[in-house]
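Order of the sequence lines sets the chain letters (A, B, ...), proteins ahead of strands, with each chain counted from 1. Side chains included, hydrogens not; waters and symmetry mates left out as well; all remaining heavy atoms used.
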Amino acid sequence: MNFISLLNKWYKKNKRPLPWRKTSDPYNIWISEIIFQQTRIEQGTNYYNNFIRKFPNLEKLALSTEDEVLHMWKGLGYYSRAHNLFFTAQHIYKDLEGIFPSTYSEILKLKGIGKYTAAAIASISFNEKIPAIDGNAFRVYSRFFNSEKDISKSSTFNYFFNLMLPLMPDNPGDFNQAIMDLGAIICSPSNPKCIICPIQVDCIAYKLNNQKILPIKSSYKKITELNIHYAYIKCHREILIIKRGYNDIWKGLYEFPKFKDIHEIYKISNTYTTTHKLTHKILHITISEINLESSEFYTIAKALNATILDKKQLKLYAFPKPLDFFLLYN
DNA sequence: GATACGTGGTT
DNA sequence: TAACCAAGTAT
């Protein structure tokens with residue numbers, strides 16, 4: 001039996017019962033694929049369930065607002081995913097008659113969808129024979145073929161893509177998901193469980209005992225540090241918030257007004273500091289609480305073009321994690 | 001092709 | 001603990 005048959009047999013018995021596997025509707029598959037970009041199953045599963053409950057189909061998503069979508073995405077990270085998801089839902093609804101594109105090349109044109117996600121949707125929802133290469137697949141293929149190519153290079157993606165393309169079986173969706181499940185359950189990054197691997201017999205890295213040093217991945221991310229000083233401006237139960245732009249972190253989320261020298265102007269009644277670590281930067285955040293009389297409060301709200309928010313309405317707005325945490329106790 | 005983009009779990 | 005990493009994409 002070849003490795004594809006062995007893998008298929010293994011997958012039928014061992015596939016994980018994940019919620020989005022109950023359907024092949026491209027809408028559901030699309031949502032799941034976006035949520036799970038760079039995101040663990042354990043972290044994203046509740047988000048998937050909540051998202052589908054709130055937006056059960058493409059029309060419901062397209063007719064919502066970006067703030068509603070961001071609110072469902074709050075805490076998940078990589079917020080451009082939510083921004084692009086909403087954009088693409090509206091594009092399909094308005095320009096494509098609400099019909100999800102059905103081929104790899106058409107799906108690839110959609111905003112927020114790259115080569116991996118397009119292949120996943122095309123193979124799972126439309127049975128197109130196209131390899132979906134994510135981090136799991138990179139690892140499995142690197143070991144199976146004993147490849148020492150650097151998986152952070154785009155040329156390596158093309159290498160595996162072209163290698164697997166002619167090998168794709170008649171059930172490409174199951175095959176792609178089987179590779180991913182194998183990578184998650186058996187062919188794990190550290191301590192791969194080669195002893196119980198269904199395709200061990202054909203795995204060249206196992207034969208050469210290279211499984212622990214593969215895949216090769218060059219990576220060095222420079223971490224920068226940044227100070228952010230927020231003014232938490234209050235008037236009784238009302239506070240000021242501002243929506244962030246799209247060129248930086250926390251795209252489209254809400255935050256407090258930012259100041260450099262707020263202490264020189266107003267009286268600070270409380271100060272809260274925290275350190276928040278992203279993958280690529282460390283944020284030193286200071287939040288200064290300032291209580292104002294209503295006339296001054298409304299004047300500064302206007303000057304800052306800030307949104308005045310009754311704290312009872314907090315649930316309608318998406319805040320980044322550290323501010324969400326702060327608001328929980330203030 | 002290199003870098004920016006979150007959050008939380010693992011080693 | 002710091003580094004690494006998880007169903008990647010846009011620029």
Q: Keeping to residues at least two apart or across chains, list the salt bridge (Lys or Arg N to Asp or Glu O under 4.0 Å) pairs with something in residues 170-197 of chain A.
A: A:Arg16-A:Asp181, A:Arg21-A:Asp181, A:Lys129-A:Asp170
Q: Please work out if A:Trp73 contacts a base, only the sugar-phosphate, or nothing of the nucleic acid, heavy-atom cut-off 4.0 Å.
A: nothing
Q) When we call it a touch if two heavy atoms are under 4.0 Å apart, what does A:Ile124 touch: a base, just sugar-phosphate, or nothing? A) nothing
Q. Taking atom C1' of C:dA7 as reference, at what distance in whole Å does atom CD1 of A:Ile179 sit?
A. 13 Å
Q: Please measure how far the P atom in B:dT3 lies from the corresponding atom in C:dC4, and state the result in whole Å.
A: 15 Å
**Q.** Any A:Asn210 side-chain heavy atom under 4.5 Å of A:Arg143 side chain
**A.** no
(Q) Is there a side-chain contact between A:Lys111 and the phosphate of C:dA10, meaning an N or O under 4.0 Å from OP1 or OP2? (A) no
**Q.** Rounded P spacing from B:dA4 to C:dA7 in Å
**A.** 23 Å
**Q.** Distance, rounded to the nearest Å, where A:Ile41 contributes CD1 and B:dG9 contributes C1'
**A.** 14 Å
Q) Considering heavy-atom distances to DNA chain C, does A:Pro189 or A:Gly112 have its closest nucleotide positioned more toward the 5' end? A) A:Pro189
Q) Mind checking the P distance from B:dG8 to C:dT9? Whole angstroms is fine. A) 22 Å
(Q) Under a 3.5 Å threshold, yes or no: a donor from one side chain and an acceptor from the other, between A:Ser147 and A:Ser142? (A) no
Q: Grab the NZ-P distance between A:Lys217 and B:dG1 for me, whole Å please.
A: 17 Å
Q: Starting at atom CG of A:Leu214, determine the distance to atom P of C:dC5, rounded to an integer number of angstrom.
A: 13 Å
(Q) What is the distance, to the nearest angstrom, from the CG atom on A:Leu182 to the C1' atom on C:dA7? (A) 14 Å
**Q.** Atom pair distance, as rounded to whole Å: NE2 in A:His83 and P in C:dG8
**A.** 21 Å
Q: Choose from C:dA10, C:dA7, C:dA6 the nucleotide whose nearest atom is closest to any side-chain atom of A:Ala184.
A: C:dA7
Q) What pairs with A:Arg81 under salt bridge (charged side-chain N to carboxylate O under 4.0 Å, His left out), at least two apart in sequence or on another chain? A) none
Distance-only donor-acceptor hits, side chain of residues 119-127 of chain A, under 3.5 Å, sequence neighbours excluded:
{"residue": "A:Ser123", "atom": "OG", "partner": "A:Ala119", "partner atom": "O", "Å": "2.8"}
{"residue": "A:Ser123", "atom": "OG", "partner": "A:Ala120", "partner atom": "O", "Å": "3.1"}
{"residue": "A:Ser123", "atom": "OG", "partner": "A:Asn176", "partner atom": "ND2", "Å": "3.0"}
{"residue": "A:Ser125", "atom": "OG", "partner": "A:Ser24", "partner atom": "O", "Å": "2.8"}

Q) Using the ring of each side chain (for Trp, its six-membered ring), is A:Phe256 parallel, tilted or perpendicular to A:Phe319, with breaks at 30° and 60°? A) tilted
Q) So what does A:Thr117 hit on the nucleic acid, given a heavy-atom distance under 4.0 Å: a base, only sugar-phosphate, or nothing? A) sugar-phosphate
Q: Figure out the CZ/C1' separation between A:Phe36 and C:dC5, and round it to whole Å.
A: 17 Å
Q. Rounded to whole angstroms, how far apart are CD on A:Glu225 and P on B:dA4?
A. 15 Å
Q: Using the salt bridge (Lys or Arg N to Asp or Glu O under 4.0 Å) rule, collect all pairs that involve residues 50-74 of chain A, keeping only residues at least two apart or in two chains.
A: A:Lys54-A:Glu68, A:Glu66-A:Lys243, A:Asp67-A:Lys243, A:Lys74-A:Asp324
Q: Take A:Asn84 and A:Arg139, find for each the nucleotide of DNA chain C with the closest heavy atom, and name the residue whose nucleotide sits nearer the 5' end.
A: A:Arg139
(Q) Reading DNA chain B from 5' onward, which residue's closest nucleotide shows up sooner: A:Asn191 or A:Ser154? (A) A:Ser154
Close N or O pairs between protein and nucleotides 6-8 of chain B (under 3.5 Å):
{"residue": "B:dG6", "atom": "OP1", "partner": "A:Tyr78", "partner atom": "N", "Å": "3.4"}
{"residue": "B:dG6", "atom": "OP1", "partner": "A:Tyr79", "partner atom": "N", "Å": "2.9"}
{"residue": "B:dG6", "atom": "OP2", "partner": "A:Trp250", "partner atom": "N", "Å": "2.4"}
{"residue": "B:dG6", "atom": "O4'", "partner": "A:Tyr78", "partner atom": "N", "Å": "3.0"}
{"residue": "B:dG6", "atom": "N7", "partner": "A:Tyr78", "partner atom": "OH", "Å": "3.3"}
{"residue": "B:dG6", "atom": "N7", "partner": "A:Thr279", "partner atom": "OG1", "Å": "2.9"}
{"residue": "B:dG6", "atom": "O6", "partner": "A:Tyr78", "partner atom": "OH", "Å": "3.0"}
{"residue": "B:dG6", "atom": "N1", "partner": "A:Gln38", "partner atom": "O", "Å": "3.1"}
{"residue": "B:dG6", "atom": "N2", "partner": "A:Gln38", "partner atom": "O", "Å": "3.3"}
{"residue": "B:dG6", "atom": "N2", "partner": "A:Thr39", "partner atom": "OG1", "Å": "3.3"}
{"residue": "B:dG6", "atom": "N2", "partner": "A:Leu76", "partner atom": "O", "Å": "3.4"}
{"residue": "B:dT7", "atom": "OP1", "partner": "A:Tyr79", "partner atom": "OH", "Å": "2.9"}
{"residue": "B:dT7", "atom": "OP1", "partner": "A:Lys321", "partner atom": "N", "Å": "3.1"}
{"residue": "B:dT7", "atom": "OP2", "partner": "A:Trp250", "partner atom": "NE1", "Å": "3.3"}
{"residue": "B:dT7", "atom": "OP2", "partner": "A:His276", "partner atom": "NE2", "Å": "2.6"}
{"residue": "B:dT7", "atom": "O4", "partner": "A:Thr279", "partner atom": "OG1", "Å": "2.6"}
{"residue": "B:dG8", "atom": "OP1", "partner": "A:Lys321", "partner atom": "NZ", "Å": "3.1"}
{"residue": "B:dG8", "atom": "N2", "partner": "A:Arg40", "partner atom": "NE", "Å": "3.3"}
{"residue": "B:dG8", "atom": "N2", "partner": "A:Arg40", "partner atom": "NH2", "Å": "3.0"}

Side-chain atoms of residues 294-303 of chain A: list all donor-acceptor pairs with protein atoms under 3.5 Å, sequence neighbours left out, distances to 0.1 Å.
{"residue": "A:Tyr298", "atom": "OH", "partner": "A:Glu238", "partner atom": "OE1", "Å": "2.9"}
{"residue": "A:Thr299", "atom": "OG1", "partner": "A:Ser295", "partner atom": "O", "Å": "2.8"}

